[in-house]
Asker: 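Could you have a look at this structure, given as structure tokens, before my questions?
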Amino acid sequence: MSETEPTTSLPAAETEPGTPLYTDVEGWVDGYFAPMFLHRTTDSTRTRWCPRWWDHAEAIARLTLLWNTWETARWDPAAKPGWWLDLDYHLPILLSPDGPFRSCRQPDDRRAAKHDPAKHPATEPVPEGWWRTASTA
């Protein structure tokens with residue numbers, strides 16, 4: 001090909017079946033999830049979203065699961081109904097006033113935005129031999 005010929009190439013995701021369209025969960029949240037579903041959070045007291053979603057472990061886990069199943073469903077029509085069921089399950093939890101963003105809020109006319117990721121409760125080490133004795137009981 002000469003340097004003067006125009007080059008047109010599709011993204012790898014469009015030329016190689018099974019290749020993800022988005023390279024990571026951040027790209028999927030910004031490119032698909034936020035524009036498609038976060039209109040519900042604007043001026044709503046019934047839903048919560050945090051622009052720093054990536055600083056909330058539960059949100060990362062739920063959004064990563066949704067992204068992975070969405071990528072699979074792009075190539076497998078039989079997986080699309082399952083993806084919608086996953087979304088219908090996780091979206092109300094993600095956006096719930098008691099969900100992972102419960103301590104965060106969007107700015108409004110009276111208050112500034114607030115970001116407060118969940119504090120992790122303390123855990124104790126499992127006693128030695130616990131799993132052996134628990135599985136034989």
Side-chain angles (χ1 to χ4, degrees):
M1 181 182 308
S2 74
E3 289 182 42
T4 58
E5 290 181 31
T7 59
T8 56
S9 62
L10 294 174
E14 299 304 320
T15 59
E16 300 173 27
T19 302
L21 180 62
Y22 295 97
T23 58
D24 54 34
V25 68
E26 179 183 4
W28 181 78
V29 168
D30 291 342
Y32 179 78
F33 181 81
M36 185 70 141
F37 301 108
L38 293 186
H39 59 87
R40 301 169 185 230
T41 63
T42 306
D43 299 327
S44 173
T45 58
R46 297 180 316 143
T47 59
R48 293 285 174 100
W49 175 256
C50 181
R52 292 180 59 179
W53 60 268
W54 40 263
D55 197 20
H56 299 267
E58 180 183 351
I60 293 169
R62 291 180 186 279
L63 289 166
T64 299
L65 176 127
L66 289 171
W67 165 55
N68 287 327
T69 56
W70 182 87
E71 290 287 1
T72 299
R74 287 182 60 241
W75 295 104
D76 181 2
K80 287 183 183 187
W83 183 80
W84 282 101
L85 289 172
D86 286 345
L87 178 72
D88 287 348
Y89 177 79
H90 290 283
L91 191 60
I93 295 170
L94 274 169
L95 302 182
S96 166
D98 194 37
F101 309 123
R102 67 187 158 274
S103 298
C104 300
R105 72 170 174 255
Q106 298 289 332
D108 61 27
D109 294 337
R110 300 172 315 221
R111 300 178 296 187
K114 177 183 172 189
H115 171 71
D116 189 9
K119 310 298 184 270
H120 302 287
T123 60
E124 294 182 12
V126 176
E128 180 134 359
W130 176 263
W131 300 115
R132 282 191 302 278
T133 58
S135 64
T136 60

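In this chain, numbering begins with 1 at the start of the sequence shown.
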Asker: Let me confirm one number: the CH2-CG distance from Trp83 to Asp76, rounded to the nearest 0.5 Å.
Answerer: 14.5 Å
Asker: What distance do Thr23 atom OG1 and Trp28 atom CH2 have between them, rounded to the nearest 0.5 Å?
Answerer: 14.0 Å
Asker: Might you point out which heavy atoms bring Gly31 and Pro35 nearest each other, and give the distance in Å?
Answerer: O-CG, 3.9 Å
Asker: Identify the heavy atoms of Thr19 and Trp75 that sit nearest to each other, and give their distance.
Answerer: O-NE1, 3.4 Å
Asker: Starting from Trp54, can I reach Tyr32 by hopping between I/L/V/M/F/W/Y residues whose side chains sit under 4.5 Å apart?
Answerer: yes
Asker: Show me the side-chain donor-acceptor pairs of residues 62-71 shorter than 3.5 Å, one per line, residues at least two apart or across chains.
Answerer:
from	atom 1	to	atom 2	distance (Å)
Arg62	NE	Glu58	OE2	2.9
Arg62	NH1	His90	ND1	2.7
Arg62	NH2	Glu58	OE2	3.3
Thr64	OG1	Ile60	O	2.7
Trp67	NE1	Glu71	OE2	3.1
Asn68	ND2	Thr64	O	3.2
Thr69	OG1	Leu65	O	3.0
Thr69	OG1	Leu66	O	3.2
Glu71	OE1	Leu21	N	2.8
Glu71	OE1	Arg74	NH1	3.3
Glu71	OE2	Leu21	N	3.2
Glu71	OE2	Tyr22	N	2.9

Asker: Determine whether Ser96 and Thr47 make a side-chain contact, defined as any pair of heavy atoms from C-beta on separated by less than 4.5 Å.
Answerer: no
Asker: Do the non-hydrogen side-chain atoms of Cys104 and His56 ever get within less than 4.5 Å of each other?
Answerer: yes
Asker: So which pairs with a foot in residues 80-91 pass salt bridge (charged side-chain N to carboxylate O under 4.0 Å, His left out), sequence neighbours left out?
Answerer: none
Asker: As a quick check of understanding, evaluate side-chain contact (heavy atoms from CB on, under 4.5 Å) for Trp53 and Glu26, giving each step before the final call.
Answerer: CA-CA 10 Å; Trp53 60 268; Glu26 179 183 4; 4.2 Å; yes
Asker: Tell me, please, which residues at least two apart from Trp84 pass side chain to side chain contact (heavy atoms under 4.5 Å, CB included).
Answerer: Phe37, Leu87
Asker: Closest approach of Ala79 and Thr72, non-hydrogen atoms and distance?
Answerer: CB-CG2, 4.4 Å
Asker: Do Met36 and Leu85 sit in one hydrophobic cluster, given that two such residues count as connected whenever their side-chain heavy atoms are within less than 4.5 Å of each other, even indirectly?
Answerer: no
